[in-house]
There are 2 protein chains.
Amino acid sequence: MGRWQPNARGRLTRAAYELYGERGYEQTTVAEIAKRAGLTERTFFRHFADKREVLFAGSEDLQEALVGAVTGAHESVAPVDAVTTALEAAGAVLTDREFSRQRQRIIDANTELRERELIKLARLAAAVAGALRHRGVPDLTASLAAEVGMAVFKVAWQRWLDGTGAEDLRGCVREAVGELKGTTTRT
Amino acid sequence: MGRWQPNARGRLTRAAYELYGERGYEQTTVAEIAKRAGLTERTFFRHFADKREVLFAGSEDLQEALVGAVTGAHESVAPVDAVTTALEAAGAVLTDREFSRQRQRIIDANTELRERELIKLARLAAAVAGALRHRGVPDLTASLAAEVGMAVFKVAWQRWLDGTGAEDLRGCVREAVGELKGTTTRT
DNA sequence: ATGTTGATGGCAGTCACTGACATCGGCCTA
DNA sequence: TAGGCCGATGTCAGTGACTGCCATCAACAT
């Protein structure tokens with residue numbers, strides 16, 4: 001048996017979710033999270049850059065999935081379509097709506113957390129734009145397609161969690177894309 | 001004459017811009033800003049909610065301008081066009097490109113500041129979406145038009161500062177809108 | 001005169017985050 | 001198998017953002 005209990009990072013994550021959910025983000029100190037996980041504050045900061053990051057650890061996976069889907073799209077596909085299709089594909093990964101709702105409830109209750117969420121999305125957009133440029137898409141087109149894609153995703157995500165839209169995220173993305181094409185074409 | 005030098009807030013703002021520009025945001029303490037302004041740290045926090053907010057104080061004006069332009073648009077105008085037209089109008093206010101560049105250089109050099117910038121934009125989007133809904137535009141359409149509008153603005157803003165696009169912000173917005181309509185229509 | 005108000009100072013405290021150093025099981029190598 | 005290195009954790013002492021509370025004191029009203 002090792003010198004320490006296994007899966008320190010996982011225990012920290014779990015403890016953080018519990019406490020943020022119970023008392024709210026602001027009312028929770030890092031020391032409390034660490035204590036519940038049977039660790040020290042210092043160790044928390046070795047696993048997570050800051051108090052917020054524990055809620056956003058999975059975002060690299062989403063980024064990889066998105067970039068991969070964009071990169072792998074057929075050349076004939078228009079940039080916006082490549083992005084929105086990638087979003088649908090990524091949507092297939094995010095299936096646990098109840099978990100996503102709880103997490104979002106925590107985030108929405110705190111401005112700092114919303115800020116972090118937004119910069120993660122912005123990084124996603126930057127990565128997607130990079131993937132498009134790598135395919136030879138011109139700068140302006142790439143940036144705009146990526147940003148518009150994130151706009152679609154934001155709206156779709158919120159409606160998925162609200163229950164306003166389709167049952168699965170992929171469906172919500174499709175609805176939003178439909179609205180986008182309608183709304184930008186309409187005179 | 002009053003008990004204190006006039007325009008404390010302005011002095012704090014000026015001192016903050018100077019120091020953020022000279023040493024960078026992180027390397028500047030609030031105490032230093034206050035000292036340069038001839039005030040105390042405590043007073044800084046009476047004028048600004050936090051160390052970042054001093055760079056974003058003007059954003060309410062932009063929000064009012066945008067919301068006003070959206071609200072005042074003719075009913076026959078499609079939501080997206082109402083938003084993009086409002087953006088062009090707002091662009092007429094932001095004319096000092098050199099100042100905007102300096103400010104943006106400070107912001108781009110620091111993640112926390114970028115986070116703050118993003119949430120200000122998100123609030124802009126929420127306000128615009130609200131204005132659209134108030135005009136009877138359905139939820140999904142309003143949210144999407146607002147978010148897409150911000151996407152356009154982001155791209156236009158960056159190109160304006162880069163010097164990649166037109167000379168005035170209004171022109172950059174127009175270019176981005178053109179690209180948007182082309183790119184979302186294209187099969 | 002006297003009371004009130006509003007912008008500021010002073011001070012103590014909390015908490016996020018960091019750097020430097022100590023600890024000690026497990027693993028590798030001779 | 002002895003010795004030594006490594007990596008995850010602990011400990012501790014900071015720094016700096018931000019807050020609450022109370023004091024100050026010119027200006028202004030009554």
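Protein chains get the first letters and strands the later ones, always in sequence-line order, with residue 1 at the start of each.
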Can you tell me the distance, in whole Å, between the [atom1] atom of [X] and the [atom2] atom of [N]?
| X | N | atom1 | atom2 | value |
| --- | --- | --- | --- | --- |
| B:Glu26 | D:dA17 | CD | P | 11 Å |
| B:Asp50 | D:dA17 | CG | P | 11 Å |
| B:Arg116 | D:dA17 | CZ | P | 14 Å |
| B:Leu12 | C:dA7 | CG | C1' | 12 Å |
| A:Arg52 | D:dA17 | CZ | P | 15 Å |
| B:Lys51 | D:dT19 | NZ | P | 15 Å |
| B:Arg3 | D:dA23 | CZ | P | 15 Å |
| B:Trp4 | D:dA26 | CH2 | P | 9 Å |

*Flag if over 12 foreign heavy atoms under 6.0 Å of CD, A:Gln158*: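 Open: at most 12 neighbouring heavy atoms sit under 6.0 Å from CD of A:Gln158.
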*Measure the shortest side-chain to side-chain distance between B:Met150 and B:Val128 over non-hydrogen atoms and say whether it is less than 4.5 angstrom.*
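A side-chain contact under 4.5 Å exists here.
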*Would you confirm whether B:Arg133, through its side chain, and B:Ala142, through its main-chain N or O, come within 3.5 Å as a donor-acceptor pair?*
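A pair under 3.5 Å: no.
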*asked:* Under a 3.5 Å distance rule, please check whether B:Thr164 uses its side chain to pair with a backbone N or O of B:Trp160 as donor and acceptor.
replied: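 No, B:Thr164 side chain to B:Trp160 backbone: no donor-acceptor pair under 3.5 Å.
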_Cation-pi check, A:Arg103 onto A:Phe56 ring (under 6.0 Å, within 45° of axis)_ =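 Cation-pi check for A:Arg103 and A:Phe56: passes.
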*Anything under 30° is parallel, anything over 60° is perpendicular, the rest tilted; go ahead and classify A:Phe99 against A:Tyr17.*
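The rings of A:Phe99 and A:Tyr17 sit tilted, inter-plane angle from 30° to 60°.
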_Test ring pair (Phe, Tyr, Trp, His ring centres under 6.0 Å) applied to A:Phe48 - qualifying residues, sequence neighbours left out_ =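 Scan of A:Phe48 (ring pair (Phe, Tyr, Trp, His ring centres under 6.0 Å), adjacent residues dropped) gives A:Phe44.
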Each nucleotide N or O in nucleotides 2-4 of chain C that has a protein N or O under 3.5 Å away: list the pair and distance.
none

*For residues 28-46 of chain B, which residues have at least one heavy atom under 4.0 Å from DNA chain D?*
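Contacts with DNA chain D under 4.0 Å: B:Thr28, B:Thr29, B:Val30, B:Glu41, B:Arg42, B:Phe45, B:Arg46.
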